[in-house]
Structure formats: structure tokens, C-alpha cells
Amino acid sequence: MVLEEILLPAEEIGRKVEELAREINQDYAGRRVTVVGVLKGAYVFVADLLRHLDPLLEVRLDFISVSSYGNAQKSSGEVRLLKDLEESVEGKNVLLVEDIVDTGLTLDYLCRLLWARRPADLRVCVLLDKRSRRVVKVPLDYVGFVIPDRFVVGYGLDCAGMYRHLPYVAAVRVEE
Ligand code: PRP
């Protein structure tokens, strides 16, 4: 793997996360929220975002784990549920948090799955939006950055299971 360029330095991501948290704090003021983080990619974003939420907000945290079949670089469109939520979301205000939306197939699958469980409300927060690759329309309520169609790693995102720990988002080239 060759690191081509740091697209989003850690400081820029940090500022954006604070900005998103401010919006969420305003929108959810006086309400309860169940944050659903999508593993594995969203683990860093969820951890940072939650620490900027209003201390008085009643925040619950749950995780769901999904994976798309196929090779590591491109989503195949088939989504597999690896780990379900631990708590019911019926009647809850759910905020689904994802690291990246690419084709939209994963979020589409998750939104259908969660809406079927009758939450009071379901909103979606993504850090990275690779908009040019979308094949299915998904409603996004909070978007960090719209990024170009490059292969990106870091801040939770992996390449063959590695590089999730990088504090920045980098565009990489994967050599065969
Ligand atoms: C990545 C990412 C999203 C999905 C987006 O997950 O975290 O869940 O792909 O792609 P899509 O919009 O084309 O569906 P991945 O399957 O790589 O699993 P991971 O989160 O465990 O890295």
C-alpha cells in the first residue's frame, strides 16, 4: 500500500466532529438518543463524537456490526449482519453513526433493518460521503466531508483490516 496524500488531517477532522456534535446537541436538546455505531469502521468517529455531546443529553450507545461480502476495496452490495444490537430500539430516537457512505448499500440495509423495529425516529450521521459512487439513495442528516472517489484509510477505515489506527484520513494506492 502506498500512502498518496493525507486528505483530512487529524485537526480538521477534530473541528468537524465538534461542529457535527454542536448540530446534534441542538437537534436533540431535551430528548433521549440511542447512538448506534456501525462496526468496525465507525469506532473512532463514535468515540470522538460522543465525547462532544452535551453532558446533560441522555445518550445510550449500542453497536451493530456489518460487513459486505467480496474483496476489501469495493462493496459488493451484499451486506451481512455480524453482530446485532443489544437493546431494542422500539420507540427510541436512533442516531446511526457510520464512518463512510460509498454505494449506500450498507446504510440502506441498516436503515431498513432499524425502521422495521419501529424506532420513534431514525437519523443518520456519516463522517465521509463518497457521493459520486452512490447507487442507492440514502437520507443523510449529518455529513462531515464529501470526499472524492479515492481509496481512503485511517480514522477507523481499513485496508485489508489494517491502518484503522491512523489519526488522519489518507488516500492510498493499493499495489496488486
Ligand atoms: C465500510 C464502511 C461502511 C461501508 C460503506 O464497511 O464502514 O459500512 O463500507 O460502503 P457502501 O456505502 O458501499 O455500502 P466495511 O464493509 O469495509 O466494514 P468495516 O466497517 O468493518 O471496515
Side-chain angles (χ1 to χ4, degrees), residues 7-8 13 16-17 19-21 23-24 27-28 31-50 52-53 59-159 161 163-164 169 171:
L7 283 185
L8 303 168
I13 298 172
K16 185 64 79 175
V17 170
E19 206 179 290
L20 291 169
E23 272 185 66
I24 293 167
D27 294 353
Y28 286 88
R31 298 159 71 201
R32 293 179 178 160
V33 59
T34 297
V35 172
V36 171
V38 185
L39 296 173
K40 295 177 184 165
Y43 84 99
V44 183
F45 182 35
V46 169
D48 283 349
L49 187 70
L50 260 63
H52 286 100
L53 293 185
V59 182
R60 286 177 177 277
L61 174 63
D62 208 340
F63 287 103
I64 196 164
S65 179
V66 290
S67 181
S68 31
Y69 286 113
N71 72 56
Q73 286 188 58
K74 292 242 166 68
S75 174
S76 65
E78 284 176 84
V79 181
R80 192 160 49 122
L81 184 62
L82 300 178
K83 179 208 166 291
D84 207 338
L85 297 175
E86 287 174 12
E87 296 192 15
S88 165
V89 291
E90 191 174 344
K92 307 269 175 63
N93 299 315
V94 176
L95 178 63
L96 190 58
V97 177
E98 257 287 30
D99 52 340
I100 186 166
V101 53
D102 186 332
T103 63
L105 291 161
T106 305
L107 270 179
D108 183 61
Y109 169 88
L110 286 168
C111 287
R112 286 171 196 276
L113 185 83
L114 294 179
W115 273 124
R117 297 177 181 183
R118 303 182 181 283
D121 182 41
L122 174 62
R123 294 186 191 187
V124 179
C125 175
V126 298
L127 182 69
L128 308 175
D129 180 0
K130 217 187 253 187
R131 204 163 277 182
S132 61
R133 296 245 321 144
R134 201 78 87 254
V135 301
V136 54
K137 206 174 166 203
V138 275
L140 304 177
D141 300 279
Y142 307 96
V143 177
F145 302 95
V146 176
I147 59 163
D149 185 12
R150 311 265 303 265
F151 189 63
V152 287
V153 299
Y155 201 74
L157 289 104
D158 74 307
C159 174
Y163 308 107
R164 294 191 196 274
V169 170

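Because the structure is a prediction, the values reported are computed rather than measured.
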Side chain to side chain, [X] and [Y], heavy atoms closer than 4.5 Å:
| X | Y | result |
| --- | --- | --- |
| Leu105 | Ser68 | no |
| Asp121 | Tyr28 | yes |
| Val169 | Ile147 | no |

Please list every donor-acceptor pair under 3.5 Å in which a side-chain atom of residues 88-95 meets a protein atom from a residue at least two apart or in another chain.
| from | atom 1 | to | atom 2 | distance (Å) |
| --- | --- | --- | --- | --- |
| Ser88 | OG | Glu90 | N | 3.2 |
| Lys92 | NZ | Ser88 | O | 3.1 |
| Asn93 | OD1 | Arg31 | NH2 | 3.4 |
| Asn93 | ND2 | Arg32 | O | 2.9 |

Distance-minimising heavy-atom pair for [X] and [Y]:
| X | Y | value |
| --- | --- | --- |
| Gly144 | Leu20 | CA-CD1, 4.0 Å |
| Thr106 | Val79 | CA-CG2, 3.9 Å |
| Leu82 | Ser67 | CD1-CB, 3.6 Å |
| Val153 | Cys159 | CG1-CB, 3.6 Å |
| Leu7 | Ala171 | CG-CB, 4.0 Å |

What residues, two or more places apart in sequence or in another chain, satisfy salt bridge (Lys or Arg N to Asp or Glu O under 4.0 Å) together with [X]?
| X | result |
| --- | --- |
| Arg118 | none |
| Asp141 | none |
| Glu19 | Lys16 |

### Task
Return yes if some donor-acceptor pair links the side-chain N/O of Asp62 with the main-chain N/O of Glu86 below 3.5 Å, else return no.
yes
### Query
Is the backbone N or O of Ile100 less than 3.5 Å from a side-chain atom of Lys130, with the two atoms forming a donor-acceptor pair by type?
no
Tell me, please, which residues at least two apart from [X] pass side chain to side chain donor-acceptor pair (under 3.5 Å).
| X | value |
| --- | --- |
| Asp129 | Arg131, Arg134 |
| Tyr142 | Asp27, Arg123 |
| Arg60 | none |
| Asp84 | Arg117 |

### Query
For the atom pair CG (Leu107) and CD (Glu98), what is the distance rounded to the nearest 0.5 Å?
5.0 Å
#### Entry: CG on Leu140 to SG on Cys125, rounded to 0.5 Å
9.5 Å
### Task
Apply side chain to side chain contact (heavy atoms under 4.5 Å, CB included) to the pair Leu8 and Leu127, showing each step before the final yes or no.
CA-CA 11 Å; Leu8 303 168; Leu127 182 69; 5.7 Å; no
### Query
Checking side chain to side chain contact (heavy atoms under 4.5 Å, CB included) for the pair Val124/Val101: CA distance, chi angles, key distance, verdict?
CA-CA 10 Å; Val124 179; Val101 53; over 6 Å; no
Table please: side-chain donor-acceptor pairs of residues 33-50 below 3.5 Å, with sequence neighbours left out.
| from | atom 1 | to | atom 2 | distance (Å) |
| --- | --- | --- | --- | --- |
| Asp48 | OD1 | Arg51 | NH2 | 2.8 |
| Asp48 | OD2 | Tyr155 | OH | 2.6 |

